[in-house]
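Inspection log for the structure reproduced underneath, given as structure tokens.
In what follows, every chain begins at residue 1, and chains take the letters A, B, ... in the order their sequences are listed.
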Protein chains: 2
Amino acid sequence: MEESHRTKETFNVTPWEVSGPVDYDKLLHQFGVKRLDHILLSRVKKLSGERLHPMIRRNFVYAHRDLDLILNDYESGKGFFIYTGRGPSGPMHIGHLVPLLFNKWLQDTFDLNLHIQVTDDEKFVYKQDAKWEDIDHHTKQNLIDIAALGFNPDKTFIFRDSEYIKNTYPLLLKIAKKITLSTARATFGFQNETNLGLTFYPVYQIATTFFEEKRCLVPCAIDQDPYFRMQRDIAESLGFKKTATLYSKFLPSLTGTYGKMSSSLADTAIWLDDDEKKVKNKINKYAFSGGQATVEEHRRMGGNPEVDVSFQWLKILFEPSDPKLRVIEHDYHTGKLLTGELKQILIERVNSFLIAHREKRKRTEKELDRYMYSGKLAKQMWGKQF
Amino acid sequence: MEESHRTKETFNVTPWEVSGPVDYDKLLHQFGVKRLDHILLSRVKKLSGERLHPMIRRNFVYAHRDLDLILNDYESGKGFFIYTGRGPSGPMHIGHLVPLLFNKWLQDTFDLNLHIQVTDDEKFVYKQDAKWEDIDHHTKQNLIDIAALGFNPDKTFIFRDSEYIKNTYPLLLKIAKKITLSTARATFGFQNETNLGLTFYPVYQIATTFFEEKRCLVPCAIDQDPYFRMQRDIAESLGFKKTATLYSKFLPSLTGTYGKMSSSLADTAIWLDDDEKKVKNKINKYAFSGGQATVEEHRRMGGNPEVDVSFQWLKILFEPSDPKLRVIEHDYHTGKLLTGELKQILIERVNSFLIAHREKRKRTEKELDRYMYSGKLAKQMWGKQF
């Protein structure tokens, strides 16, 4: 009873839908995951020998399962590997980069093998109106965007589910055999009208955690937890290790800090191919502001960076310097910095990121081949029959 | 109410279980399939230009869906292809050969492409205690037994589900997307404890009917109808043709004419590697007899070939000559032929078949490669991405 008093608006977080004002503390309890505490953060920092990534030191990456075991394995020399994914349902926007960029930081910092699963199968069976050709097209485009982020070409394996199935199918069957229909329904909320493609898919998302003998760490947004909860229920019975996870919150959409950036509302997301003018117009028009109604009021009362999307984007993605971020926060809070000026900072950052991204994108063809087929890890993986 | 009066013992026919005294007429109505009538049989005979196969002229192959459309397509020059399967859950017994031999006759008679699906995936997820290595071993052995039957090496494609998945997965996804969980539950009787491998499998059994543009004919035992009922519900929405089917009854196990020969009761089946002595002992000991209790009674009252398993096996598999079969039937019925003598006839036929089979088995390695990879049809199929 008490809980329903506290939150008036309900929220819902599943791998396929995030709606309402997400209460991230409540999610910890709902899912049974742990908050990243000070002790763990110090261990990560110490072991990395580097400054923590802004996402983690600013509490955007905020929860985990068994991160302590991962750090033990790293300390003892056993090591670990990481895994992330991309659902190629359409073109990519800024929000899609969040887990990829965080994985890149982990890979670089701890010198890790990274597997990137491109779930063309999932997106095809999920999107009722999608043709296979559409998904195939988006997949090819997404692959270039992913490759442009500059992962380690000998320690990164990017694979399409539909292509790598050749090597994974027996492993998928072993996993599928361990999961009953009733467990799948309870975990994912499958309904009578859910199709057989979608009910089978979780098996594949679990399989990647078994790609190496080392323990797996999955850094992803917290909506993916059901897959890994299920993985942890069955891993040991198959002779594998329970995966560890590291969960982030969602990057807010331009229009508000609720939920996550959505592909279905094209104008409220910044797409990787949005040109400079588009970026400027979208941010100016849609970015939800924590400022006051007039310049005079803003000067007098100050703005609220906590709900201001431009500030949040800078905090999560575009302003790595803590002193600089603090100045922006202070100036906005005291009314010295106007909303238009804050937006201008973000516009510049987003545009310079996108310009550089599109430049890199042009030169990634060779890298993509290494990530997918010819690099050291990729070659190893194609030689592996599960 | 009337129905439950008529049949005291209930029977159950699903792709995974056949139990009780099967009422084949009742099955026609239950499944909504048609009986093979005289007109269709004459058309098959006329078009084949040959005598009908004993299984079909003796009413063992007895029901169908859309066989008339298949014959139309054949007459008009469009042609058709056939497809059968084998679930490699263990070694093969005589009963497993029934659909394969009938398909071979169809292939030879109508000069058809034949696809043989070896469902290692299904059997692994179905058999709770099976390891993948076990299924893999049985699959390899089964493949040799199948190849030894002597199919047309340029018109036959034998494939393992787990291997050909490389080419079929996107097609599987298209099919899976068309089938809801509730339809699958209603069609196959999936329960809460059914695993996700088994719920996904029907998709693959349907996929093979889409391997060619021509209409597919599936000659198989009637327990497989649920798959093809489902195929017919979705085929056209995917741009394919509804499959036709041709259904047989079940070869009775040695111990009785109920149900079908079961792999789980090793002694009541004749295995392809049973030696001459074993065959003799099993048939003498277990073959259910329609004869009388003593020789004297048998001479006086005669036997009942309808329930006699030895006679039924001759009728279905081992005595192609109608006149000879009629003599045996008559002599047994009138008491001239004793049960021991009838069994002796069957023992000789089974042994000479098995000796020849094992001889052919030794020489099939090259043929197997053609069926699976290097023959004309196999090569075509490996070049095909669905």
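Looking at E163(B), neither its backbone nor its side chain comes within 4.5 Å of chain A, counting heavy atoms on both sides. Heavy atoms of A130(B) lying under 4.5 Å from chain A belong to its backbone as well as its side chain. If you measure heavy-atom distances from V125(A) to chain B, the contacts under 4.5 Å come from both the backbone and the side chain.
Under 3.5 Å, the side chains of R361(A) and Q141(A) contain a donor-acceptor pair of N or O atoms.
Contact count against chain B (heavy-atom pairs under 4.5 Å) is highest for K177(A) among K177(A), Q385(A), K178(A), K166(A). The candidate with the highest count of non-hydrogen atom pairs below 4.5 Å against chain A, out of D136(B), T180(B), I175(B), is T180(B). Interface remark: of the candidates T194(B), L198(B), I165(B), T199(B), I165(B) forms the most heavy-atom pairs closer than 4.5 Å to chain A. Highest contact tally toward chain B, considering only Y126(A), W132(A), Y164(A), is held by W132(A) [criterion: heavy-atom pairs under 4.5 Å].
Atom OH in Y371(A) sits 6.0 Å away from atom CD in E367(A) (nearest 0.5 Å).
You'll find the ring centres of H115(A) and Y83(A) outside the 6.0 Å limit.
A donor-acceptor pair under 3.5 Å is absent between the side-chain atoms of T183(A) and the main chain of I179(A), judged by distance alone. The main-chain N or O of T208(B) is never found under 3.5 Å from a side-chain atom of Q117(B) such that the two would form a donor-acceptor pair.
The neighbour count for K131(A) NZ, taken as heavy atoms of other residues, nucleotides or ligands under 6.0 Å away, does not exceed 12.
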